Colleague: 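There's a structure below that I have some questions on.
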Amino acid sequence: MLSAIPAISPSDPAIGNPFSNFENRFIPWDGDLFSAVTQSAPPKPVVSSSGSDEMNQKQTNSNSGCDETKPPASVIDERKQRRMLSNRESARRSRMRKQRHLENLRSQLNRLKMENRELTNRLQFVLFHWQLVRTDNDRLRSEHSLLRRKLSELRELLMFRQLQQFTSAWACSNVTS
């Protein structure tokens with residue numbers, strides 16, 4: 001399989017030197033790895049994006065007729081800063097909403113606890129008076145029953161006396177006749 005690939009020599013005039021790009025940019029290692037890194041130019045910052053900014057930029061560029069597809073790094077940094085500030089502000093507003101919601105829930109909890117205590121006190125008051133009324137009602141029922149019995153006995157006694165008077169009057173009228 002290796003024999004199927006032709007060997008390319010760096011001196012081949014048709015191909016040229018494939019390593020010509022590296023000839024002038026090679027930094028010699030003077031035995032110190034860190035000196036080579038500090039001598040070279042600082043790397044460009046890596047910018048992470050959701051892709052929507054680049055997509056919008058490309059659409060804007062394609063609509064305007066420009067061939068530029070990449071905005072300058074300062075524009076990207078500015079957008080990133082604006083987005084970070086916007087996210088921070090949004091998070092702050094969210095925390096504030098959450099804090100207000102918790103405060104509202106706490107005040108509602110306190111209000112409901114007070115209302116519950118008030119209703120419990122009213123219930124105890126009503127139960128106490130209900131017990132008094134019940135006791136009074138039981139007493140009145142028994143008194144009513146006793147008075148009914150007495151009335152019934154008085155009616156019987158009255159009827160007995162009327163019967164006695166009638167029989168004594170009848171007996172007298174029979175004796176005289």
Side-chain angles (χ1 to χ4, degrees), residues 21-22 25-162:
N21 290 337
F22 296 108
R25 295 186 186 165
F26 181 71
I27 301 172
W29 299 90
D30 290 332
D32 187 12
L33 175 66
F34 296 109
S35 65
V37 172
T38 57
Q39 289 175 0
S40 66
K44 290 185 179 181
V46 177
V47 177
S48 173
S49 175
S50 63
S52 62
D53 291 335
E54 291 177 17
M55 182 80 83
N56 291 339
Q57 184 65 32
K58 285 180 183 178
Q59 288 175 352
T60 305
N61 289 340
S62 66
N63 292 341
S64 64
C66 295
D67 290 336
E68 278 186 80
T69 58
K70 237 179 166 184
S74 63
V75 173
I76 292 174
D77 289 343
E78 185 180 323
R79 284 183 188 164
K80 187 176 180 181
Q81 288 293 328
R82 279 197 315 247
R83 193 169 43 247
M84 282 175 38
L85 288 174
S86 174
N87 288 346
R88 283 182 189 150
E89 183 63 25
S90 176
R92 186 185 67 77
R93 285 192 308 265
S94 177
R95 285 190 303 272
M96 294 290 283
R97 274 194 309 271
K98 184 178 180 182
Q99 187 176 1
R100 275 195 311 268
H101 182 67
L102 284 174
E103 287 172 3
N104 288 340
L105 288 176
R106 284 185 186 118
S107 66
Q108 184 179 6
L109 174 69
N110 291 334
R111 184 179 51 80
L112 290 174
K113 279 183 176 180
M114 285 177 39
E115 186 178 339
N116 190 19
R117 255 182 301 199
E118 185 179 313
L119 289 173
T120 302
N121 290 340
R122 286 176 59 188
L123 178 63
Q124 288 176 351
F125 179 77
V126 167
L127 288 175
F128 174 75
H129 284 284
W130 173 78
Q131 188 64 35
L132 288 177
V133 168
R134 185 175 175 199
T135 304
D136 196 33
N137 193 22
D138 289 344
R139 183 187 57 77
L140 289 173
R141 283 182 194 266
S142 64
E143 188 177 326
H144 175 262
S145 175
L146 181 66
L147 289 174
R148 261 185 124 73
R149 230 177 304 135
K150 282 187 178 182
L151 182 62
S152 177
E153 289 173 1
L154 286 174
R155 281 185 181 162
E156 285 179 14
L157 184 62
L158 184 61
M159 284 177 46
F160 182 70
R161 285 192 179 169
Q162 285 178 352

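Bear in mind that the values here come from a model prediction, so they are computed numbers and not experimental data.
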Colleague: Please check if the number of heavy atoms outside H129 that lie under 6.0 Å from its NE2 is greater than 12.
Modeller: yes
Colleague: Between R139 and E143, does any NZ, NE, NH1 or NH2 come within less than 4.0 Å of an OD or OE carboxylate oxygen?
Modeller: yes
Colleague: About how many Å separate NE2 of H144 and CG of N137, when rounded to the nearest 0.5 Å?
Modeller: 11.5 Å
Colleague: Can you confirm whether more than 12 heavy atoms, excluding those of R82, are under 6.0 Å from its CZ atom?
Modeller: yes
Colleague: Side-chain contact test, heavy atoms from C-beta onward, threshold under 4.5 Å: evaluate it for Q124 versus F128 and give yes or no.
Modeller: no
Colleague: Do T135 side-chain atoms and Q131 backbone N/O form a donor-acceptor pair below 3.5 Å?
Modeller: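 A pair under 3.5 Å: yes.
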Colleague: Evaluate side chain to side chain contact (heavy atoms under 4.5 Å, CB included) for L140 paired with D136, printing each intermediate quantity in order.
Modeller: CA-CA 6 Å; L140 289 173; D136 196 33; 4.2 Å; yes
Colleague: So, the side chain of T120 versus the backbone of N116: is there a donor-acceptor pair under 3.5 Å, distance only?
Modeller: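 At least one qualifying donor-acceptor pair exists.
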Colleague: Is there a side chain to side chain contact (heavy atoms under 4.5 Å, CB included) between Q108 and N104? Walk through the geometry before answering.
Modeller: CA-CA 6 Å; Q108 184 179 6; N104 288 340; over 6 Å; no
Colleague: Using a cut-off of 6.0 Å, state whether more than 12 heavy atoms not belonging to R148 lie near its atom CZ.
Modeller: no
Colleague: Apply side chain to side chain contact (heavy atoms under 4.5 Å, CB included) to E118 and M114, showing your working.
Modeller: CA-CA 6 Å; E118 185 179 313; M114 285 177 39; over 6 Å; no
Colleague: The test is salt bridge (Lys or Arg N to Asp or Glu O under 4.0 Å); show your working for R92 and E89 and say whether it passes.
Modeller: CA-CA 5 Å; R92 186 185 67 77; E89 183 63 25; 2.4 Å; yes
Colleague: Rounded to the nearest 0.5 Å, what separates atom OG in S90 from atom CG in L85?
Modeller: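 Answer rounded to 0.5 Å: 12.5 Å.
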Colleague: Any side-chain heavy atom of S145 within less than 4.5 Å of one from R141?
Modeller: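 The answer is no, as the side chains (C-beta and beyond) never meet within the 4.5 Å cut-off.
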Colleague: Side chain to side chain contact (heavy atoms under 4.5 Å, CB included) for N121 and F125? Distances and angles first, verdict last.
Modeller: CA-CA 6 Å; N121 290 340; F125 179 77; over 6 Å; no
Colleague: Atom OG in S94, atom CD in Q99: separation rounded to 0.5 Å?
Modeller: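 If I round to the nearest 0.5 Å, the distance is 11.5 Å.
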Colleague: What's the separation between atom OG in S74 and atom CZ in R79, rounded to the nearest 0.5 Å?
Modeller: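 Taking OG in S74 and CZ in R79, the distance rounds to 10.0 Å.
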Colleague: Roughly how far, to the nearest 0.5 Å, is CD of Q162 from CZ of R155?
Modeller: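 The CZ atom of R155 sits 12.0 Å away from the CD atom of Q162.
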Colleague: Would you check if R97 and H101 make a side-chain contact, meaning some heavy-atom pair closer than 4.5 Å?
Modeller: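 The answer is no; the side chains never approach within 4.5 Å.
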Colleague: Give, for atom CG of L147 and atom OG of S142, the distance between the pair rounded to the nearest 0.5 Å.
Modeller: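 These two atoms lie 9.5 Å from each other.
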